Amino acid sequence: MSSDAADDTSCCASCGKTQSGDIKLKKCACNLVRYCSVACQKDHRSQHKAACKKKLAELFDEQLFAPPPPREDCPICFLPMPASVD
């Protein structure tokens with residue numbers, strides 16, 4: 001299949017089938033491409049492996065280095081609330 005099909009997320013990256021009533025496309029872990037079956041995913045794996053690993057590393061880094069959520073102040077005294085121990 002051409003590289004245009006791999007760029008278009010509305011069709012299978014391996015065979016080019018589009019999503020319809022009986023064909024449900026499933027996303028790859030990296031959310032870059034979609035596949036209509038496990039067989040298509042396995043066939044396309046060698047072409048997609050490097051881009052997938054790179055995207056997953058980027059997503060992991062975004063989560064790892066994301067700033068923590070802002071601390072909330074007490075609505076009564078406006079002092080910072082203690083950190084929760086979950």
Side-chain angles (χ1 to χ4, degrees):
M1 188 91 317
S2 68
S3 64
D4 293 335
D7 294 338
D8 188 11
T9 58
S10 63
C11 65
C12 178
S14 181
C15 66
K17 290 182 185 175
T18 58
Q19 184 165 327
S20 64
D22 57 337
I23 299 174
K24 186 100 170 158
L25 298 178
K26 297 166 192 76
K27 292 181 186 177
C28 182
C30 64
N31 290 329
L32 291 175
V33 295
R34 296 174 185 243
Y35 298 104
C36 64
S37 66
V38 174
C40 280
Q41 186 176 8
K42 287 180 181 179
D43 289 343
H44 192 252
R45 180 72 179 148
S46 61
Q47 299 168 25
H48 177 62
K49 188 175 181 180
C52 187
K53 283 187 173 186
K54 181 180 178 185
K55 181 65 174 180
L56 286 175
E58 289 172 3
L59 292 172
F60 178 76
D61 286 346
E62 284 177 14
Q63 289 179 344
L64 183 64
F65 297 112
R71 292 186 60 181
E72 295 182 24
D73 293 338
C74 176
I76 298 171
C77 64
F78 299 107
L79 293 175
M81 297 288 283
S84 62
V85 184
D86 290 337

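Every value quoted in this text rests on a predicted model; they were computed, and no experiment measured them.
Under the 4.5 Å side-chain heavy-atom criterion for ILVMFWY residues, a single connected hydrophobic cluster contains both Phe65 and Phe60.
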(request) Determine, step by step, whether Gln41 and Arg45 satisfy the side chain to side chain contact (heavy atoms under 4.5 Å, CB included) criterion, reporting the C-alpha distance in whole Å, the side-chain angles of both residues, the deciding distance to 0.1 Å, and the verdict. (result) CA-CA 6 Å; Gln41 186 176 8; Arg45 180 72 179 148; 5.8 Å; no
(message) Please evaluate residues Leu32 and Cys52 with respect to the criterion side chain to side chain contact (heavy atoms under 4.5 Å, CB included), reporting the C-alpha separation (whole Å), side-chain torsions for both, the decisive distance (0.1 Å), and the verdict.
(response) CA-CA 8 Å; Leu32 291 175; Cys52 187; 6.0 Å; no
(request) Give the C-alpha distance, both sets of side-chain angles, the deciding distance and a yes or no for side chain to side chain contact (heavy atoms under 4.5 Å, CB included) between Cys30 and His48. (result) CA-CA 10 Å; Cys30 64; His48 177 62; 3.3 Å; yes
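The two residues Leu56 and Ala29 have their closest heavy-atom pair at CD2-O, 3.7 Å. Taking every heavy atom of both residues into account, Cys11 and Gly16 meet most closely at CB-O, 3.7 Å.
Residue pairs meeting the side chain to side chain donor-acceptor pair (under 3.5 Å) criterion with at least one partner in residues 18-29, sequence neighbours excluded, are Ser20-Asp22. Every pair passing ring pair (Phe, Tyr, Trp, His ring centres under 6.0 Å) that includes a residue from residues 13-41 is listed here, sequence neighbours excluded: Tyr35-His44.
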